[in-house]
Visitor: 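Provided herewith is a single structure, encoded as structure tokens, for subsequent inquiry.
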Protein chains: 2
Amino acid sequence: MVRTVKKQTRQEKLRAMLNDNPFITDGALADILEVSIQTVRLDRQTMGIPELRARVQEVAEGAAAKLKSLSGPELVGELLDLELGIRGISLLEVTGEMVFAKTGVARGHHLFAQANSLAVALIDAEVALTGTAQIRFKRPVLLGEKVIARAVVNSGKGQRFVVTVTSSVKDEEVFAGEFMVFAKGSEGEQWDAYSS
Amino acid sequence: MVRTVKKQTRQEKLRAMLNDNPFITDGALADILEVSIQTVRLDRQTMGIPELRARVQEVAEGAAAKLKSLSGPELVGELLDLELGIRGISLLEVTGEMVFAKTGVARGHHLFAQANSLAVALIDAEVALTGTAQIRFKRPVLLGEKVIARAVVNSGKGQRFVVTVTSSVKDEEVFAGEFMVFAKGSEGEQWDAYSS
DNA sequence: CTACTATTAGTACCAGGTACTAATATATAA
DNA sequence: TTATATATTAGTACCTGGTACTAATAGTAG
């Protein structure tokens, strides 16, 4: 059966094509694969691949959700506990986009982002910005692991706060950082002190 | 004309609704706003708002692109120059998703991510991971500004490298960091030294 | 030659629209 | 009060990108 081979390879191509570009109509697929539109539809259906509009929606929803969780909110991770000006806890699950493809190890800046945003969120002020930080990655964090960051405000004189954050996976410390965070009332105060 | 007022407020509502949820049909909008579907369509057209399917596509494409640029590549920002093991330069333009909505100031972890990923990319090894870092945010970076990060490998003994990164906006330094980066051959070597 | 698989064709239908025409309020000015 | 302009609603023809189904045709294996 030559047919079966043709069919299989075509379906593999189809899957590959839709994989790298989900925004393509059955008609276009039919043209490229040089089969009829019905064949494409049959293939899609036997393979359980939804229609264009559904695919676009999936991408839109998924991507929008990820965008929100990555860069939308002021906080990276999910806030579990917060006492303004005192301490806070957040949870971050390491997803595929956060890791190096080669190793499955989370890129450092995601852990940093979780810790930093938690430190900033802790400060009870109109506006708070990180001035300096000393950080330490103690162990690589892997895809799928859940990182719990615990932040504590150590000292706060006026507009200047020191927040320490320790992040752990199942009680094993993976990250530690000390953040100097500056609070700003509302307007005007110069940023000269910012870097000090 | 009471009508005009009604129309205006309705259109404002419409815009707001579509703003926080673009995935809604004209029919649903008509139900909520208690007008006919034609009125919703007229409103959309006079306001230049595209139909549902086009909106979904926009979100899908835009979000997919942003996802790629935010978390897809190993490097945050655009690589301008790279001499493996020696130095590198990258450019990051501050977009809306990177800033605090209230102030328009870039959240620190984006600058960190640019610097960190550049430092790691600089290391000529199979795998490289950040161990520790001291960083300093010297001036807030605002929406739309272009941040150029320059990284230099200062010393490298075996698997351990010190990379300094300074980021600037138009020759004004906004960020400085010193990264201790660990290189790993391929497999096996223990992570014990990782945090040292 | 027959049975079976793969492919193609065609039709009716659907959602969520566009584009257009026309009828019906509603209010405002003359 | 009436003419006029604006706002709203109704209705129709048509479009894209499909689903779901039926039927015809081509090619292959036994």
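Naming convention: chains lettered A, B, ... in sequence-line order (proteins, then strands); numbering from 1 in each chain.
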Visitor: For the base of D:dG18, is there a side-chain donor-acceptor partner from A:R53 under 3.5 Å away?
Guide: no
Visitor: Keeping A:R150 on the side-chain end and A:T164 on the backbone end, is there a donor-acceptor pair under 3.5 Å?
Guide: no
Visitor: Measure the distance from CG on A:L18 to C1' on D:dG17 and round it to the nearest whole Å.
Guide: 14 Å
Visitor: Would you mind reading off the distance between B:E51 atom CD and D:dC15 atom C1', rounded to a whole angstrom?
Guide: 10 Å
Visitor: Quickly work out the B:D26 CG to D:dT9 C1' distance and round it to whole Å.
Guide: 15 Å
Visitor: A:F112 and ring pair (Phe, Tyr, Trp, His ring centres under 6.0 Å): which single residue from A:F179, A:F137, A:F175 fits?
Guide: A:F179
Visitor: Could you give the CD1-to-C1' distance, from A:I37 to D:dT19, as a whole number of Å?
Guide: 12 Å
Visitor: I'd like to know if the side chain of A:Q114 and the backbone of A:S90 have a donor-acceptor N/O pair within less than 3.5 Å.
Guide: yes
Visitor: Phosphate oxygens OP1/OP2 of D:dT9: is one of them under 4.0 Å from a side-chain N or O of B:T39?
Guide: yes
Visitor: Quick one: is the NZ or CZ of A:R107 closer than 6.0 Å to the six-membered ring centre of A:F100, and within 45° of its axis?
Guide: yes
Visitor: Measure from CD1 on A:I49 to C1' on D:dG18 and round the result to the nearest Å.
Guide: 15 Å
Visitor: Looking only at the side chain of B:S36 (C-beta and beyond, no hydrogens), which of the listed nucleotides D:dT9, C:dA9, D:dG18 gets closest?
Guide: D:dT9
Visitor: With the side chain of A:Q38 defined as its heavy atoms from C-beta on, choose the nearest nucleotide among D:dT8, C:dA9, D:dG18.
Guide: C:dA9
Visitor: For the side chain of A:K7, starting at C-beta, report the closest nucleotide among C:dA6, C:dG16, D:dT9.
Guide: C:dA6
Visitor: Using atom CG of A:L33 as one end and atom P of C:dT7 as the other, report the distance to the nearest whole Å.
Guide: 11 Å
Visitor: Under a 3.5 Å distance rule, please check whether B:S117 uses its side chain to pair with a backbone N or O of B:V76 as donor and acceptor.
Guide: yes
Visitor: Is the shortest side-chain N to carboxylate O distance from A:R87 to A:D81 below 4.0 Å?
Guide: yes
Visitor: Donor-acceptor pair, distance only, cut-off 3.5 Å: does the side chain of A:R139 make one with the backbone of A:E173?
Guide: no
Visitor: What residues in residues 40-48 of chain A put a non-hydrogen atom under 4.0 Å from any atom of DNA chain D?
Guide: A:R41, A:R44, A:Q45
